[in-house]
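We name chains A, B, ... by the order of the sequence lines, and we start the count at 1 in each one. Note that the structure is a prediction, hence the values are computed from the model and not measured.
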Amino acid sequence: MTLAGCLTLAAALFSLGVYGLLTRRQAVAVLVSVELMANAANLCFVAFSRFRGDVTGQALAVFALALTVAEVAVGLALVILLYRAHGDTRVDLASEMKQ
Amino acid sequence: MSDLLILWLPLAVGALTVLALLVDALSPPPASGRAVGWLVVAGLTATLGATFFVDVAGPAAHGAYEASAWTLALQRLFLAAGVIAALGGVDHVAARAPKRAGEYWLLLLASITGMTLLAGARDLILLVVAFELMGIPLYVLAAFAKTDGDRAGVRDRRPSEAALKLYLVGATSTAVTLFGLALLTGMTCATRLDALTATPLQPLATLGALLMLAGFGYKVGVVPFHMWVPDTYQGAWTPFVAFLSVAPKAAGVAALTQVFVLGLGAQHDRWLPALMMLAFLSMAVGNLLALPQTDARRLLAYSGVAQMGYALLGVAAIGEQGAAMTLFFLTSYVFTNMGAFLVVHAVAEGGGGHDLDGLRGLAGRAPGLAAALLCFILSLAGIPFAVGFWAKLYVFLAAWQAGLGGLVIAGVALAALGIFYYLQVLRAAYMTDARGLAAPVVGAPLKLAIGLCLAAVLGFGLWPGPLVEGTARAAHALLTAAAR
Amino acid sequence: MEGTFFMVLAACALVPAWLAVRGANLIHAALWLGASLLATAAVYAMLGASFLAGVQVLVYVGGVITLMIFGVMMTRRHEGLVALAESRHQGRAAAIAVTLFAVIAQAINATDGLDAPLSAPVSANGSALGRALVVDHVLAFEALSLLLLAAIVGAVVIARRRDPPDAREAEVPS
Amino acid sequence: MSPASSFALVAVLAPALAALVLAALPALRRQGTPAAMLCIAGSLGAFGAALAALSRLAHTHTPETWSRPWLQAAGLSLADVGVRVDGTSAPMLVVVTLVALCVQVFSLGYMHGESREAFGRYFAYHALFLFSMNVLVVSPNLLQLFAGWELVGVTSYLLIGFYYRKPEAAHAAVKAFWVTRFADMGLLFGLLALFTASGSFGWEAQLSPAVATFVTLMLFLAVVGKSAQFPLHIWLPNAMEGPTPVSALLHAATMVAAGVFLVVRAAPLFAQSETTRAVMLVTGSVTALFAACLALVQTDIKKVLAYSTCSQLGYMVAALGAGSVFGGFFHLTTHAFFKALLFLAAGSVIHAVHSNEIGKMGGLARRMPLTGGAFIIGALALAGVPGLAGFFSKDLVLEAVEGKLGSLPWIALLATAFLTAFYMGRVVFVAFFGAPANDHAAHAKEHGWSMRGPLVLLATLSVVVGYFGGDLAHLGGHAYHFHFTGGAALASGLGLAGIGLAYAVYGRGPREAPAIIATVDRIAQSRAVNRFYEFGFRRVTLVAADALAWIDRYVVDGLINMTGYVTLALGSRARKIQTGEAPDYVLAVMLGVVAMAAWVVVQ
């Protein structure tokens with residue numbers, strides 16, 4: 001188990017999140033993908049913290065976790081708003097404004 | 001000096017936020033909307049006034065925050081933007097959503113608190129948290145127009161769309177920023193900005209820095225992270241958009257300056273080309289796509305994308321002069337663009353709608369508004385005696401002296417192209433007939449807000465000296481004094 | 001031994017992640033995300049960050065996933081358990097994701113010093129972390145509390161179906 | 001602060017005050033006549049102050065500068081704002097304010113038919129324009145000059161587009177603004193390079209040869225745009241869509257002259273670059289000849305004058321290129337008066353016959369003797385007839401150019417002198433002599449004194465101003481003594497010949513021609529001349545003109561109509577990117593991220 005291994009795992013999780021982000025149309029599924037990406041970032045924080053012997057990384061991970069949670073809370077509220085406006089939660093439905 | 005004293009300004013705005021919450025909770029809804037609005041105006045004005053008497057400087061919170069001329073200059077800018085946004089929106093918010101007005105002001109204050117912290121952040125953790133504290137309330141504020149269609153009995157989908165687009169791009173960018181932050185702090189073993197460049201950047205650290213650049217680029221609205229900009233501007237309340245179009249962008253550019261010029265300035269060969277590319281793309285795409293717009297808000301949105309491209313030129317100049325000129329540009333942009341949006345808002349509320357066509361004959365209907373719009377548009381176009389002239393000249397000068405001649409030439413050429421769409425606005429206001437449109441009735445607070453913007457645009461335009469000196473001092477405090 | 005264990009955990013994180021972004025059932029996707037996060041929590045524990053592993057389980061798996069499932073349930077027009085999440089533009093997305101992974105992996109490869117063996121575990125895990133949070137980064141911590149307040153207020157404002165009723169408005173229809 | 005500078009400051013601020021009052025009091029502006037009076041009072045004050053400044057300067061003979069720091073950084077002043085009174089700016093200030101005053105008084109009569117509101121707006125624009133121009137003229141450094149320059153561009157946009165209900169006028173305004181603004185990029189680049197090299201915006205800096213060439217070439221690009229030099233002259237004919245007094249103001253002493261003035265101002269810089277001066281000489285001569293050719297075939301009286309302006313500006317630029325700063329400046333001064341006179345007289349005629357076409361005039365000299373006389377004086381001055389203003393300055397220009405670049409510019413300018421006399425003669429004979437073409441022309445009447453007064457004043461000046469060349473030169477510290485050289489004789493001869501030819505072709509009417517004219521006529525009708533005309537004019541000039549017109553129509557107008565094209569071409573593409581679907585926005589973000597990340601790895 002090396003730092004490189006942990007980072008590669010994080011990169012893989014991040015890329016999977018990106019894949020989901022680009023393919024998913026349901027708002028909640030998009031949020032799931034964003035969570036995967038944020039989780040990958042957290043894994044990096046923790047891994048660096050361990051391998052550098054510095055607790056700051058873990059502190060950063062706590063901050064990042066809280067930020068993501070706050071963001072998800074607002075995001076889910078927006079999903080409900082989207083549902084009220086469009087009767088569905090597909091993010092590509094909201095496309096009145098363009099050009 | 002005590003940490004509390006040094007942190008007085010963010011603390012004051014934070015306390016104001018809590019006070020707003022209390023007042024909102026304790027007073028009955030219909031009255032509270034306007035009351036909290038005026039409380040915000042008074043509180044922010046008082047804080048802004050106090051900045052001229054309270055003289056503190058130095059680090060606080062273990063060096064995570066630093067009060068300095070740079071911090072103060074930005075904080076004043078955010079406070080001024082907050083005052084103007086509050087004045088411009090107090091009637092609108094109270095009329096459109098009396099039950100949600102308290103929350104509106106609370107969220108606006110929370111966002112401003114984030115900005116004031118961001119200005120002083122000299123630590124990446126605080127910087128990112130402050131960035132989010134600024135950003136998350138904006139998602140909500142963008143959705144505030146959700147019931148606008150109710151009175152007319154139509155389902156207005158645009159507010160939800162506006163907020164959703166802001167949110168999706170924003171959440172993506174946050175994830176990207178966090179990943180970049182993890183790589184950068186992990187590789188450099190540092191979170192303090194002045195400790196970032198202790199070691200040369202390894203590829204993974206460079207990658208982290210660029211991911212953070214992308215994340216900040218979203219808030220600044222530079223290409224290709226700009227696509228939410230026009231749609232959100234079109235769907236949200238215009239007084240809020242006036243704020244959204246300037247303050248977070250100024251904060252974003254300030255954050256870029258702090259992280260990249262102060263923190264990673266010595267390693268600029270690693271990130272400068274990317275920044276230059278973003279600047280070029282923004283100037284090109286913004287100026288070109290503004291041309292076909294017929295909605296004043298979308299036109300100003302793309303114009304803003306282009307303007308942020310110019311602002312990045314100042315950042316790309318790397319160094320004290322570049323930072324000073326960036327700050328000057330941001331100050332100019334804040335007042336100019338807010339003013340333009342508020343005039344568009346006043347005209348739209350007067351029955352003209354947000355289309356350029358709604359501005360027709362404005363010179364005849366409302367000479368004062370038209371004259372104000374003229375000044376704002378001329379300032380955006382960079383015509384003399386409006387502050388935008390100096391701003392543009394300044395960033396171009398900084399970039400030219402930093403050896404970015406090619407970028408300056410591209411920028412000037414694209415700005416010349418941009419004249420067309422600014423002229424279109426003027427043509428609508430000055431060279432058409434009013435055909436069936438009445439003079440808009442503008443409330444006193446909105447008038448005052450527009451007047452303040454106008455005073456700043458003309459005042460700093462005619463007499464840029466003090467502002468120039470101030471920004472130079474600020475940049476010096478950020479870059480040279482920090483090196484002590 | 002440790003390497004093998006890490007490999008297993010990595011697989012436990014990646015496979016559910018794959019199912020979370022590919023699965024057609026929205027509820028299942030949220031649950032798979034939870035599974036992936038659990039595996040990550042296990043990695044945290046392995047890395048000696050047991051406090052963080054606990055937070056991850058409590059906040060994410062306990063809170064966020066539940067919220068998401070609520071979100072899915074609340075936004076279904078028809079009764080029924082299966083909420084479909086269709087995927088589009090898969091080739092394009094795959095190309096971008098693979099490129100991104102390749103690029104990051106290449107950057108990891110090109111960076112020196114990542115194969116270093118484990119250093120000593122961060123001493124006094126919980127208290128050191130607590131110190132870092134509320135002493136070293138106290139300002140960020142305070143900002144975070146304001147942020148959470150704003151997020152809660154914001155979420156309520158957005159999700160509220162309509163504004164609370166007002167006695168006077170009923171009398172004077174606008 | 002010395003008296004001369006305070007006078008100059010008053011000259012700048014008086015119109016600004018008028019403009020400010022008119023902007024702040026819409027009610028007053030809508031009254032019309034009071035607004036006009038206020039504006040004229042401002043101009044009168046400016047003119048008086050300018051005259052006072054000039055006389056002070058003539059008395060003391062020491063250039064004065066009053067300035068305040070404007071742009072400061074770290075205690076260092078990057079640029080000053082203020083006024084400079086010297087042998088260049090003081091006479092220019094007098095010329096500008098005097099012409100503006102004449103134009104405004106003339107406008108009282110000319111614009112009388114407009115609604116009160118439009119009348120007031122018109123004068124407010126005028127006051128603003130005069131302020132901008134004065135800011136430019138008195139500037140102590142190139143930065144303030146640039147500021148005035150840009151303001152002049154904006155206010156000229158408002159003035160040219162005054163009849164905004166006419167689509168052509170709106171289009172012309174955009175075109176004028178944009179073409180000059182395009183060229184202004186050069187001024188900006190020049191300033192940036194100058195500041196980078198010398199650390200100031202002053203024009204006295206000593207630069208290395210390469211930098212000097214770059215800076216001056218860039219400045220010259222701006223001059224090409226503003227002073228309507230080939231090939232950026234395209235905006236000028238369109239700009240005739242504005243009210244005729246506006247044309248007189250913009251195209252005589254102010255906007256187009258600003259370019260030439262810039263070169264005069266920055267002469268120490270231009271003196272440092274041989275290359276730039278050669279480019280100027282060639283551009284000026286080509287413009288002079290080319291525009292004169294185009295003026296030959298115009299039937300719209302204002303278009304003739306417009307191309308004539310281009311052509312004369314070419315003269316000035318050629319003189320400056322040949323190194324004769326005073327020659328260019330002197331011609332600028334004399335040209336300001338007689339061209340303003342010509343435009344105003346043309347305006348008087350247009351107002352009387354309700355048409356711009358010279359074919360629809362005829363016999364006006366009898367019906368409108370004062371206007372006719374004024375126009376003829378202006379035309380003679382322009383043609384360089386000895387004794388009138390144009391003669392002296394043109395002579396100076398030709399003397400300067402003689403022998404430069406294998407005498408080709410000299411020959412071009414001589415040919416231009418001939419053509420100038422010919423096309424002016426054509427206009428005079430067709431419009432003012434012969435039989436009236438229609439009822440309007442037959443019943444044309446002189447207008448009131450507000451329109452006649454400025455004509456008389458300008459006509460007088462067009463006669464006498466040439467004799468003040470020595471004083472003007474003395475004021476600016478240049479050496480100048482008029483001497484009648486062979487070149488001058490040749491030029492006057494050619495001018496007279498041109499008038500004669502015009503008479504031969506257009507002037508005879510039904511009467512029998514005198515013998516000498518008949519001879520000229522015979523030569524004019526001969527096959528050799530015809531063939532030369534056929535080849536030299538029709539083939540070369542008109543083909544060039546056609547090519548340029550094509551570029552003008554499809555490239556410049558295309559760019560100006562870009563809003564439309566972009567909506568179609570770029571817009572559809574933009575719509576493909578900006579689809580309105582949020583996932584695509586996220587896609588853009590991720591593409592940006594991947595591109596940046598990939599760049600790190602490739603690096």
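- H86(A) has its side chain within reach of S160(B): a pair of non-hydrogen atoms, C-beta onward, lies under 4.5 Å apart.
- Rounding to the nearest 0.5 angstrom, the gap separating the CG atom in N39(A) from the CZ atom in F179(B) is 11.0 Å.
- Of the atoms belonging to L43(A), not a single heavy atom falls under 4.5 Å from chain B.
- Contact check for R52(A) versus M187(B): side-chain heavy atoms found under the 4.5 Å cut-off.
- For E71(A) and Y139(B), the side-chain atoms include at least one donor-acceptor pair closer than 3.5 Å.
- When each of T177(B), T191(B), L164(B), D295(B) is checked for heavy-atom pairs under 4.5 Å with chain A, L164(B) comes out on top.
- For the pairing with L60(A), the side-chain contact (heavy atoms from CB on, under 4.5 Å) check across V129(B), L124(B), L181(B), L178(B) returns one residue only, L181(B).
- In this structure, chain A has no heavy atom under 4.5 Å from any part of L133(B).
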So I125(B) and F63(A), side chain to side chain contact (heavy atoms under 4.5 Å, CB included) or not? Walk me through it.
-> CA-CA 8 Å; I125(B) 299 186; F63(A) 281 114; 3.6 Å; yes
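- For the set S33(A), A40(A), A38(A), G57(A), the count of heavy-atom pairs under 4.5 angstrom toward chain B peaks at A40(A).
- For A10(A), the parts sitting under 4.5 Å from any heavy atom of chain B are the backbone and the side chain alike.
- The candidate from A66(A), G75(A), A27(A) with the greatest count of non-hydrogen atom pairs under 4.5 Å with chain B is G75(A).
- Proximity to chain B (any heavy atom under 4.5 Å) is restricted, for L31(A), to the side chain, taken from C-beta onward.
- Once rounded to the nearest 0.5 Å, the distance linking CD of E132(B) with OG1 of T68(A) reads 8.5 Å.
- Expressed to the nearest 0.5 Å, how far SG of C44(A) lies from CG of L204(B) amounts to 8.0 Å.
- Of all heavy-atom pairs between A175(B) and M37(A), the closest is CB-CB, 3.8 Å.
- Here the straight-line distance linking atom OH of Y167(B) with atom CG of L81(A) works out to 13.0 Å at 0.5 Å rounding.
- Using a 4.5 Å cut-off between heavy atoms, V72(A) contacts chain B through its backbone alone, with no side-chain atom that close.
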